[in-house]
Each structure stands twice: as C-alpha cells, then as structure tokens.
Amino acid sequence: MKRPNITSGTHPIEQGQYVLPTIEITRLMDKIIQIIKDGGPGMIVYGRPRLGKTRATMFAVNYLPSELETQIPVLVADCKSYRVPSPEKFFRDMLTDFSFGFNSKKDEIVLRNQIVNLMHEKAEHSNLRRIVLIMDEAQKMTEWQYDCLIDISNQLVRRNIRMTTISIGQEQLVNRRSFFLANEKAHIVGRFMASEYRFKGVQTTAEMEFLLQSYDESEFPENSGWYYTKHYFPQAFDSGRRLSEFSSSLFNLFLEIRQEFGLSGKFEIPMEYIAFTVENALKINGFNGKETEWLSMHQWREAIDRSGYIESEIYMALARKKAN
C-alpha cells in the first residue's frame, strides 16, 4: 500500500494524543457500565499518579452509548484548590470546564441553576434520563464542594434526572472517604463514594502484550491499513515483526531497571511511562528517525531512560518513605 502523506508532527504518536484499549481499561469499563445499569449515584476511581486514570475513564465512558445501546451525556470538570473557597467560584469553574458561557457577575444561585439546566437539557436526549459527571483530581474536593454537588443532584432528581458522579483521583481519595465516615458524613459517601475502582498500571506480561498489540493494530489515518508500528517500521512490519513480540522482554527490562536502582515495593508500570517509552522507541529509531531495521533491547533501554520513569519511581519511593 502507498504510504499516506502525513504532515510532520501530526501522527498520534508524535502528538501523544491517543488512548489505546488495555485490559485495565476494559475492567474499568465493565465497572462503570455496572454502576450505570444499577442506577448507582457515584463511584471513585483512584490510584497512584501517572497511571492514565483520567484518559482511561474518558475512553471507557465514550463507549457507554454502544454498550448501553443509548446515548448518555458526559460532562467533565477539574477540581481546584481554593484559598478562599465559595460555591460561586466552584460553580464558575464547573461551567468554564463545560465550555458554557456565562455572565461573570452572576451569583451562586444563578450559576447553580445554569448547571442544572444544562444537565437537564443534555439528559433529555438520553432514554435513561441520566447524565454522567466526571470530577477529575477529586482528592482536592472538600465537604462543602460535595454539598454543592448534592444541591445540584437534588434539583435534577426533582426533574426526574439522575446524575452519576465518577470521581477520579489519587489514593488520598480513599482516606477522604474514611474521614467522611468517621465524621458522620455518610450521606456524602453514599452519594459519591459508595463504589470504588482501584486503577492499576501494567502488572503482568499478558497486560504488556495486550497493550503493545494495540500499537500493532491501531491505524492512522483511520482505515488506511497503516498501523502505528507499520508507520515507523514498514519493512519490519511487512515481514511479520510486531511490537507485541517484545512483551516479556520489555516487561522484564522495566523490572531489571527497578532492581538496578534499588527500587522495591509493589511493581506496576504506569501507563504514561509505557506510552512515553514506546513513543521514544518509535520516533528515535523508526521512520524519520534513525531508520533502523527493527528495535533492539538496547534501544528499548534508551527509550525507558528518556521516558522519565526512573526519576518518577525514585521520587515516589522517597515520598512513601517520608510518609511512613
């Protein structure tokens, strides 16, 4: 097949703007579908930093319509920290994240009603009369912010609309839930934290193989027959070589590097650093790079070194040691 004419810098690998299916994303999708079908009001998705929790959640919810056989609107907001907190600031930030224009002088009641009306309008297009709200960096959320969401949810219920809130955050989210339970705030836990999913990095060679195979089977441009691996190593790909053949050796290489730096503890490779590693390996050594015939383990080692993985793991180990 003739190589497609792609403007330099626009390939997803070069931009880093892509999400590939993984075994962990499939598990998360199953959990979210279960929550939606059961009418659950909320769940938390948590894990260590750089696992790709937010992208994975967005990938999962984008497939909800096909899985549920109906449209279901999704709104995403980023949680912020406030030196001087107020519901007005919280609602303003939510509307900004929703790309909804509003008059900057409006007070909290008007802003909250705008959010409710927006959610109502979108939910009307769903046979389930449901809307999904994703709150990212949710470990920053405090009691008053959850109370603001309760007010929104209550108004929607009176309009026969259900809101399912998926809170994505770091492991402090679990501590936050324990704090609420210990301080008789069970109403917050019941609405937003009743279910949980601990999002994990790659922990097995099978998961690594599934991920690398996604690079072998993802196309750009769509339906062109030019898979990500083929784009960078066309001759090797045509001769039958695939990134997935490195699944065991690459997984073990990550493990060996950890041991070299004296890193212990639970072993899970954050998706972000695997993505950086693969992107480095393809860009440096493939088409428009060194144009090597195929990848070697030395080149994989270089790609891992340049991904920032080692530095991140060292910082994480120091942080855990300090916390203990």
Side-chain angles (χ1 to χ4, degrees), residues 10-37 40 42-79 97-99 122 126 128 130-139 163-170 173 195-204 206-223 227-229 243-244 247 268-279 282 307:
T10 62
H11 194 281
I13 290 294
E14 296 177 45
Q15 295 184 340
Q17 298 299 317
Y18 62 93
V19 181
L20 301 179
T22 66
I23 293 176
E24 187 66 3
I25 289 179
T26 302
R27 295 186 188 120
L28 174 60
M29 187 186 305
D30 291 341
K31 182 66 174 180
I32 292 175
I33 290 172
Q34 175 194 331
I35 295 297
I36 299 294
K37 286 185 175 180
M43 67 178 287
I44 60 174
V45 178
Y46 68 95
R48 56 165 289 182
R50 321 309 290 182
L51 289 179
K53 300 180 292 294
T54 302
R55 283 194 177 190
T57 303
M58 293 304 302
F59 184 94
V61 298
N62 284 338
Y63 277 85
L64 285 178
S66 61
E67 295 293 332
L68 298 173
E69 298 182 347
T70 184
Q71 290 296 318
I72 184 163
V74 178
L75 291 173
V76 183
D78 294 322
C79 301
D97 290 337
F98 299 160
S99 299
K122 290 184 175 294
S126 169
L128 298 176
R130 299 287 294 276
I131 189 162
V132 175
L133 172 64
I134 296 177
M135 300 298 296
D136 199 11
E137 297 292 338
Q139 73 276 358
M163 180 176 74
T164 296
T165 304
I166 301 175
S167 301
I168 308 172
Q170 298 177 22
L173 257 180
S195 299
E196 67 173 66
Y197 187 87
R198 181 186 177 276
F199 194 82
K200 300 179 288 295
V202 171
Q203 295 180 306
T204 67
E207 291 174 332
M208 180 68 82
E209 181 178 16
F210 191 98
L211 174 57
L212 294 180
Q213 187 174 338
S214 296
Y215 286 92
D216 295 329
E217 298 177 351
S218 297
E219 296 173 277
F220 184 82
E222 189 175 350
N223 299 320
Y227 304 96
Y228 289 7
T229 308
L243 288 184
S244 56
S247 55
E268 59 176 330
I269 313 170
M271 173 60 197
E272 183 165 303
Y273 292 109
I274 298 178
F276 288 160
T277 296
V278 174
E279 290 164 14
L282 297 181
S307 72

Query raised in the report: Is the shortest heavy-atom distance from the side chain of Glu137 to the side chain of Thr54 under 4.5 Å?
Result: no

Query - Which residues share a salt bridge (Lys or Arg N to Asp or Glu O under 4.0 Å) with Glu272, sequence neighbours left out - result: Arg50

Requested in this report: Would you indicate whether the side-chain heavy atoms of Glu268 and Arg48 approach each other to under 4.5 Å?
Outcome: yes

Query raised in the report: If every non-hydrogen atom of Thr164 is compared with every non-hydrogen atom of Gly40, which pair is closest and at what distance?
Result: OG1-O, 2.9 Å

Query raised in the report: Residues in side chain to side chain donor-acceptor pair (under 3.5 Å) with Tyr46, at least two apart?
Result: Glu196

Query raised in the report: By side chain to side chain donor-acceptor pair (under 3.5 Å), which residues pair with Tyr18, not counting sequence neighbours?
Result: Tyr215, Glu279

Query raised in the report: Heavy atoms, side chains only, cut-off 4.5 Å: are Met43 and Ile166 in contact?
Result: yes

Query raised in the report: How are the rings of Phe199 and Tyr197 set relative to one another: parallel (under 30°), tilted (30 to 60°) or perpendicular (over 60°)?
Result: tilted

Report summary line: When Asp78, Val74, Thr165, Leu75 are each screened for side chain to side chain contact (heavy atoms under 4.5 Å, CB included) with Ile134, the one that passes is Val74

Please output the side-chain donor-acceptor pairs of residues 64-73 that fall under 3.5 Å, not counting sequence neighbours, one pair per line with the distance.
residue: Ser66; atom: OG; partner: Tyr63; partner atom: O; Å: 2.9
residue: Thr70; atom: OG1; partner: Asn127; partner atom: ND2; Å: 3.4

Query raised in the report: Side chains of Lys53 and Leu28: does their closest heavy-atom pair fall under 4.5 Å?
Result: no

**Report entry** Donor-acceptor under 3.5 Å (Asp216 side chain, Leu243 main chain)
**Finding:** yes

Query raised in the report: Side chains of Val19 and Ile25: closer than 4.5 Å at any heavy-atom pair?
Result: yes

Query raised in the report: Got a sec, which residues hit salt bridge (Lys or Arg N to Asp or Glu O under 4.0 Å) with Glu209, two or more places apart in sequence or on another chain?
Result: none

Report task. With sequence neighbours left out, write down each residue that passes side chain to side chain donor-acceptor pair (under 3.5 Å) with Glu217, or none if nothing qualifies. Result -> Gln213

Query raised in the report: Taking Ser214 for the side chain and Pro21 for the main chain, is one N or O donor matched with an acceptor at less than 3.5 Å?
Result: yes

Report task. Could you pull out the closest heavy-atom pair between Ile269 and Met208, with the gap in Å? Result -> CD1-CE, 3.9 Å

Requested in this report: Not counting sequence neighbours, which residues clear salt bridge (Lys or Arg N to Asp or Glu O under 4.0 Å) with Asp136? List them please.
Outcome: none

Report summary line: Separation between CG (Leu212) and CD1 (Ile274), nearest 0.5 Å, reads 7.5 Å

Requested in this report: Could you pull out all residues at least two apart from Glu222 that satisfy side chain to side chain contact (heavy atoms under 4.5 Å, CB included)?
Outcome: none

Report summary line: Gln170 meets the side chain to side chain donor-acceptor pair (under 3.5 Å) criterion, sequence neighbours left out, with none

Report summary line: So salt bridge (charged side-chain N to carboxylate O under 4.0 Å, His left out) across residues 17-36, not counting sequence neighbours, yields Glu24-Arg27, Glu24-Lys200, Arg27-Glu207

Report summary line: Between the OG1 atom in Thr229 and the CG atom in Leu282, the distance rounded to the nearest 0.5 Å is 6.5 Å

Report summary line: In terms of heavy-atom contacts, Ile35 and Arg130 come closest through O-NH2, 4.4 Å

**Report entry** Val202 vs Tyr273, side-chain contact (heavy atoms from CB on, under 4.5 Å): CA-CA, chis, key distance, verdict
**Finding:** CA-CA 10 Å; Val202 171; Tyr273 292 109; over 6 Å; no

Query raised in the report: Yes or no on side-chain contact (heavy atoms from CB on, under 4.5 Å) for Thr57 and Ile32, after CA distance, side-chain angles and deciding distance?
Result: CA-CA 9 Å; Thr57 303; Ile32 292 175; 4.2 Å; yes

**Report entry** Residues which pass salt bridge (Lys or Arg N to Asp or Glu O under 4.0 Å) with Lys122, listed by chain and number, not counting sequence neighbours
**Finding:** none

Query raised in the report: Side chains of Asp97 and Val76: does their closest heavy-atom pair fall under 4.5 Å?
Result: no

Query raised in the report: What pairs with Tyr227 under ring pair (Phe, Tyr, Trp, His ring centres under 6.0 Å), at least two apart in sequence or on another chain?
Result: Phe237

Query raised in the report: Does any non-hydrogen side-chain atom of Tyr228 lie less than 4.5 Å from one of Val278?
Result: no

Report summary line: CZ (Arg198) and CG (Leu51) are apart, to the nearest 0.5 Å, by 7.5 Å

